[in-house]
Amino acid sequence: MLQLLLVDDERSVVETLAETIPWEECGITVVHEALSGPMALQMMENHAVDIVITDIRMPGMSGIELITQINGKWPHVKTILLTGYADFDYAKQAIAQNTFDYLLKPVSDEDLLESVQRVVNQIKEKWEEVASYQKTLYTLNENLPLLRANTLNELLRGSSQAAVADKLKLLGLPFADGDNIGMMLIRMEERFAEMPGQDAALMEYAICNITSEMMQNDYYIWHTRDAHDYIVLLVKPRDLSIAEADAKSLLERYAAQIQTNVQNYLKGAISILVGGWGQFPSQAKEIYEQAVTTMRRKMGHGKGLFVTTQEAVQTSPINTIWSLYEPPTLISLLDAGRFDDIEAKIRHIFRDMLEAGNEQDVSEQLIEAYHVLAGAFSYIIHKNGKLLSTVLSPEALKFFHSPAYTTAAQLMEWSIRILQGIREDAEQELKDNHSSIVRSVRSFIDIHLAKDVSLPAIADHVHLHPVYLSKIYKAETGEPLTEYVYRLRMEKAAFLLRTTPGKVFEIAEIVGYNNTAYFIRVFKKFFDVTPQEYRDDAQQR
């Protein structure tokens, strides 16, 4: 999606180029217009322009001066010069400023499109280079700590083990299926907990460095920060022959030393919980959930505590429905309008209950799930300024007042039905809003047709970004906004030629062209005859 800026001190020139050239054919989605060099620079401050086409002779700031400033501030922007002066000195200056092309006016549509297409191809080649293997590898290495932390969080939330396994080698993590693993949770307290986000992140980094330096000879360590703001460390003994009891004992000794060193060197308190042990990756989530539960039950709000969990990890599912609360939460997904993701999350929430069948009593889980889901649905409807009764059907609304479910399948079906109602209401509201925008745009164009009806001017009127406005208008009408303006001007000009005695130059001004020659050119391109020929033909009928 590329943006183009046309610069010329003659309004008719930029408007004609904007309206009559099929820019979308070469990948241009937004065309901006400027009537001077300073106006062009201001436009570039506010919009992500990729290509600039500018006249070379303009009062105040010449095209050469403009592209000199563009090269200094936006070196990635490609420039094309248009001029009516076939002067080799200008060509030499243009070449010196790394101008992509130099075209003499009057330039044909075909030549201009060919030049812009070559610029677009060059930009695309640059994108492909950026996306090359070497660039990707560099970016991967730069973001390796964050990617490792995110992957561990995914594993702890119960993401697909196969998906995690695929990332281990890429991220250089020495963990494999069947490895014996342990876990530690670290909670930062006292002055650590009161630090602003960036300072707290630095302390987290320092604590992880202390931990790695102390334990690196005996353990592989993989760490992250979870949704509870705990530092989670997944550990694996380097010596695979070490007995599990010895590995546990050694880890507990290290944990005590870490707590002491953090107090001595970072002057802050931490609580540490040494969790259970199990197999990687199948039991990682269970170890983590058990550790979090133990942290909450045994530590509470105490400070500087040290706890170990010796209980074996159970493979039976934990009664709490963790997927109800793990990020992204239902409320955050509803806020973002990610309805497909919400439905997938709902189905995931009920998956284990549906698979349990009659073998397990899930009534307690159904109560928990109902209240969380009903609360999330009520929240988003009320946040949108509506009542439940205006969004939901009477049958669906009864469920809020008198829940009537006996199985997980019934509650899931109700949840998806409520979600569908919310989705349809949001889509209708968006459609109504878009229709209102189109009406406002057309009204503005009708009133200001003889003045500035460029895309930026229209977007400013309706308080939207030009790119977004362009997308909305085309999605609603099936026609690019610039084509609508062009067509409206031509249709109004034709009507005036048929029904009034106004001169051609007068009609040109009424429909927004202050250059009669350009008006005649665009009129002929639209109707295949000149304005006078059109009038003569109309009078003969």
Side-chain angles (χ1 to χ4, degrees), residues 153-154 156-160 162-163 227 285 289 316-438 468 471-472 475-476:
N153 259 316
E154 291 173 8
L156 300 180
R157 291 198 299 264
S159 297
S160 168
K285 181 184 177 185
E289 290 173 351
S316 59
I318 295 176
N319 290 331
T320 298
I321 310 172
W322 290 95
S323 52
L324 271 172
Y325 312 103
E326 63 186 10
T329 63
L330 284 164
I331 286 179
S332 65
L333 290 172
L334 285 165
D335 271 330
R338 294 166 54 185
F339 295 106
D340 290 337
D341 292 334
I342 300 167
E343 182 173 343
K345 186 175 181 71
I346 290 173
R347 294 188 183 279
H348 176 67
I349 288 169
F350 286 96
R351 183 185 61 198
D352 291 340
M353 286 187 279
L354 289 169
E355 291 175 353
N358 297 323
E359 299 174 7
Q360 182 181 344
D361 182 6
V362 296
S363 57
E364 294 287 330
Q365 292 180 322
L366 289 178
I367 294 172
E368 181 182 4
Y370 167 76
H371 285 287
V372 172
L373 288 162
F377 293 147
S378 300
Y379 158 82
I380 197 63
I381 292 173
H382 291 156
K383 185 179 180 183
N384 291 337
K386 298 182 179 181
L387 298 174
L388 299 178
S389 57
T390 62
V391 175
L392 305 176
S393 67
E395 181 184 352
L397 186 59
K398 286 180 184 177
F399 215 92
F400 276 90
H401 297 299
S402 302
Y405 57 82
T406 56
T407 66
Q410 288 177 332
L411 185 55
M412 183 179 74
E413 181 184 345
W414 172 80
S415 302
I416 293 174
R417 191 165 64 248
I418 295 294
L419 176 64
Q420 185 62 30
I422 295 172
R423 181 175 195 162
E424 290 173 357
D425 180 75
E427 289 173 349
Q428 184 60 50
E429 184 176 7
L430 183 63
K431 186 175 181 180
D432 293 342
N433 183 45
H434 286 180
S435 297
S436 175
I437 290 170
V438 170
Y468 183 57
K471 283 186 175 180
I472 288 176
E476 285 295 303

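Everything quoted here is computed from the prediction, not taken from an experiment.
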Can you measure from [atom1] ([X]) to [atom2] ([Y]) and round to the nearest 0.5 angstrom?
X: I331; Y: I380; atom1: CD1; atom2: CD1; value: 8.5 Å
X: R338; Y: L333; atom1: CZ; atom2: CG; value: 5.0 Å
X: L392; Y: D425; atom1: CG; atom2: CG; value: 8.5 Å
X: L334; Y: K383; atom1: CG; atom2: NZ; value: 10.0 Å
X: H348; Y: R351; atom1: NE2; atom2: CZ; value: 4.5 Å
X: S378; Y: L373; atom1: OG; atom2: CG; value: 10.5 Å

Would you say that [X] contacts [Y] through its side chain, given a criterion of any heavy-atom pair below 4.5 Å between the two side chains?
X: D340; Y: R423; answer: yes
X: V372; Y: Y325; answer: yes
X: L388; Y: H382; answer: yes
X: F377; Y: L330; answer: no
X: F399; Y: Q410; answer: no

Return the minimal non-hydrogen interatomic distance between [X] and [Y], and the atom names on each side.
X: A374; Y: F400; result: O-CE2, 3.7 Å
X: F350; Y: A408; result: CD2-O, 3.7 Å
X: E343; Y: L419; result: N-CD2, 3.7 Å

side-chain contact (heavy atoms from CB on, under 4.5 Å) between I416 and R347, intermediate numbers included:
CA-CA 9 Å; I416 293 174; R347 294 188 183 279; 3.4 Å; yes
Quick check on K471: does its NZ atom have over 12 non-hydrogen neighbours (other residues, nucleotides or ligands) under 6.0 Å away?
no
Going by atom types alone, do D432 and Q428 pair a side-chain donor with an acceptor below 3.5 Å?
yes
Salt bridge (charged side-chain N to carboxylate O under 4.0 Å, His left out) evaluation trace for E427 with K431
CA-CA 6 Å; E427 289 173 349; K431 186 175 181 180; over 6 Å; no
For the residue pair W414 and Y370, categorise the inter-ring angle as parallel (less than 30°), tilted (30 to 60°) or perpendicular (more than 60°).
tilted
Should K285 and E326 count as an ion pair when the cut-off is N to O under 4.0 Å?
no
Can a donor-acceptor pair be found, under 3.5 Å and without considering hydrogens, that links the side chain of S415 to the backbone of L411?
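Such a contact is found between S415 side chain and L411 backbone.
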Please name all residues satisfying side-chain contact (heavy atoms from CB on, under 4.5 Å) with V438, sequence neighbours left out, ordered by chain then number.
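For V438 the side-chain contact (heavy atoms from CB on, under 4.5 Å) partners, ignoring immediate neighbours, are R442, Y473, E476, T477.
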